[in-house]
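Just so it is clear: chains get the letters A, B, ... in the order the sequence lines come, proteins before strands, and each one is counted from 1. Scope of the values below: all heavy atoms of this structure, side chains included, with no hydrogens, waters or symmetry mates.
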Number of protein chains: 2
Amino acid sequence: MEHDEAIAGLREAFQTIGKRFTSQRRRIWELFAAHPAGLTISEAAEGVRDGGIGHTTVYRTVKELTELGYLQWVHDRDGEHRYIAGRGGHSHPLVCRGCGRVLLIDCQGMSTLHKLIAVQTGFIVDGHHLEVFGTCPDCQARRG
Amino acid sequence: MEHDEAIAGLREAFQTIGKRFTSQRRRIWELFAAHPAGLTISEAAEGVRDGGIGHTTVYRTVKELTELGYLQWVHDRDGEHRYIAGRGGHSHPLVCRGCGRVLLIDCQGMSTLHKLIAVQTGFIVDGHHLEVFGTCPDCQARRG
DNA sequence: TTCTTGTTGTAAAAAATTTTCGATAAGTTT
DNA sequence: AAACTTATCGAAAATTTTTTACAACAAGAA
């Protein structure tokens, strides 16, 4: 299963950096995984409050998961950070403006872009952040 | 002059949306224009405090300038928003990890990327946000 | 079990952002 | 210029967001 693989990967990732994969960390990640449109930190804190998880833990965990590559942020219309679950590695969010759903896509052709920019500017390019916006097939159908 | 043109453009832009181009708005924009590495909102507020401009005004003005396309944000290492001066229109920040300097570049090849993604995902793609990171020529030289 | 160390939640503190409102300044009309 | 109208401003207060401190707790090792 998709989900169990991610959990196993997470456990290993935390172990690697000498940290424990606690039930809180697990539940917080699962909350994000259950929301394809992502959550802000305060929404996430709200979402696990009933479970007795404090907001301090949410802040800490979101930071850790982000560093491990298991969460990445996108911007909603207000420029606010919204975190979405991924499975490590480098990919880019394709955000639907209609329903907010996020599809992670990989970056073909970006290394070409790096080289192009390097030649034109003299910079040594070593990274990028890309978000793509549009309308998903479902929302297209819904509107005719 | 570069600077005067921008000021003239700004005056016109504010007029167009029925707002006044006050000395505060001007000074705030000029502060950003004088900092190629950009400023956070609190840095900007700090920078104009001696001039008697309150932080409330800075918040309001940064929002306006951003909507007008005369400021755009990038992320520093902490994921914090840093605003940099531009001259309207769509461009992408190339950020030096060494000195923080930002070069605005235009987006060649991105419409091709849009089409590619559209074909692969079924999304109608209509926009993107791209930040590129690297090391500028000066910082390369400085390190040998 | 005992020891050691990382993790958690609560409460408090600090920082960032927004709201409210009377005073002021800019642009218009007379 | 004077009177008028309206956007804008800054200070203070309120709210929200994020961080810090610390005692209790939980997990793994010996």
Side-chain angles (χ1 to χ4, degrees), chain A residues 7-8 10-32 38-68 70-83, chain B residues 7-8 10-32 38-68 70-83:
Chain A
I7 294 291
L10 258 179
R11 169 168 288 116
E12 202 180 315
F14 271 108
Q15 239 162 24
T16 304
I17 61 172
K19 293 189 170 182
R20 297 169 188 166
F21 187 51
T22 63
S23 67
Q24 288 91 336
R25 285 173 177 158
R26 174 182 180 139
R27 276 191 284 163
I28 289 170
W29 186 81
E30 285 174 336
L31 180 69
F32 281 102
L39 299 165
T40 62
I41 291 194
S42 38
E43 286 167 350
E46 166 70 21
V48 294
R49 190 160 52 196
D50 291 343
I53 299 178
H55 69 275
T56 306
T57 300
V58 175
Y59 275 95
R60 286 189 283 234
T61 303
V62 166
K63 184 174 290 183
E64 292 161 350
L65 289 172
T66 302
E67 282 165 2
L68 289 174
Y70 276 78
L71 283 184
Q72 63 184 111
W73 43 259
V74 300
H75 291 92
D76 58 20
R77 34 232 144 263
D78 308 320
E80 199 173 23
H81 278 177
R82 183 170 289 280
Y83 294 83
Chain B
I7 294 292
L10 258 180
R11 170 168 285 118
E12 203 180 313
F14 270 109
Q15 242 164 20
T16 304
I17 60 172
K19 293 188 168 180
R20 296 170 187 165
F21 188 51
T22 63
S23 68
Q24 286 92 337
R25 285 172 176 157
R26 175 183 179 139
R27 275 192 285 163
I28 290 170
W29 186 81
E30 285 174 337
L31 180 69
F32 281 101
L39 299 166
T40 62
I41 290 193
S42 39
E43 286 167 351
E46 166 69 20
V48 295
R49 190 161 53 197
D50 291 342
I53 299 178
H55 68 274
T56 306
T57 300
V58 176
Y59 276 95
R60 286 189 283 235
T61 304
V62 167
K63 185 172 291 183
E64 292 160 351
L65 289 172
T66 302
E67 283 165 2
L68 290 174
Y70 276 79
L71 283 183
Q72 65 184 108
W73 43 258
V74 300
H75 293 91
D76 57 21
R77 35 232 144 261
D78 308 320
E80 201 173 23
H81 277 176
R82 185 169 288 281
Y83 294 83

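- Counting all heavy atoms, side chain and backbone alike, A:V58 lies closest to A:V48 at CG2-CG2, 3.7 Å.
- Salt bridge annotation for B:R27-B:E30: absent, with no cationic side-chain nitrogen under 4.0 angstrom from a carboxylate oxygen.
- No side-chain donor-acceptor contact under 3.5 Å links A:R82 to the backbone of A:V74.
- Judged as a salt bridge (Lys or Arg N to Asp or Glu O under 4.0 Å), and not counting sequence neighbours, the contacts of B:K19 are B:E64.
- In terms of polar N and O atoms assigned as donor or acceptor, the side chain of A:R20 comes within less than 3.5 Å of the base of C:dT5 in a complementary pairing.
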Should B:T40 and B:W73 be marked as a side-chain contact (heavy atoms from CB on, under 4.5 Å) after you check the CA-CA gap, both sets of side-chain angles, and the distance that decides it? CA-CA 9 Å; B:T40 62; B:W73 43 258; over 6 Å; no

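- One finds the OG1 atom of B:T61 at 12.5 Å from the OH atom of B:Y59 (value rounded to the nearest 0.5 Å).
- Here CD of A:Q72 is found 11.5 Å from OH of A:Y83. Values are rounded to the nearest 0.5 Å.
- Nucleotide C:dT24 holds its C1' atom 10 Å from the CD atom of B:Q24, rounded to whole Å.
- For the segment residues 10-18 of chain B, no residue has any heavy atom less than 4.0 angstrom from an atom of DNA chain C.
- Taking the 5' to 3' direction, DNA chain D first and last meets chain B under 4.0 angstrom from a heavy atom at D:dT6 to D:dA12.
- The shortest heavy-atom contact between B:R25 and B:R20 is NH1-O, 2.5 Å.
- As a whole-Å value, the separation of A:R27 CZ from C:dT8 C1' is 12 Å.
- Of the residues in residues 39-46 of chain B, not one places a heavy atom less than 4.0 Å from an atom of DNA chain D.
- Between the A:T57 side chain and the A:I53 main chain, no donor and acceptor come within less than 3.5 Å of each other.
- The OG1 atom of A:T16 sits 8.5 Å away from atom CG of A:L68, with the distance rounded to the nearest 0.5 Å.
- For the pair B:F21 and B:E80, both in contact range of DNA chain C, the more 5′-proximal nearest nucleotide belongs to B:E80.
- We find the CD-NE2 distance between B:E80 and A:H81 to be 10.0 Å, quoted to the nearest 0.5 Å.
- Residues from residues 52-61 of chain B with heavy atoms under 4.0 angstrom of DNA chain D, sorted by number: B:G52, B:I53, B:G54, B:T56, B:T57, B:R60.
- Atom NZ of B:K19 is separated from atom C1' of C:dA25 by 17 Å (rounded to the nearest Å).
- Rounded to the nearest 0.5 Å, atoms CD (B:E46) and CG (B:L31) are 10.5 Å apart.
- Using cut-offs of 30° and 60° for the angle between ring planes, the B:W29 and B:Y70 rings count as perpendicular.
- Each end of the helix from C:dT1-D:dA30 to C:dT30-D:dA1 gets its own axis, taken as the rotation carrying the C1' atoms of four end pairs onto the next four within a five-pair window, and the two axes meet at 30° to the nearest 10 degrees.
- Here the straight-line distance linking atom CZ of A:R11 with atom CZ of A:R26 works out to 6.5 Å at 0.5 Å rounding.
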Kindly indicate, with the supporting measurements, whether the criterion side-chain contact (heavy atoms from CB on, under 4.5 Å) is fulfilled by A:F14 and A:T22. CA-CA 10 Å; A:F14 271 108; A:T22 63; over 6 Å; no

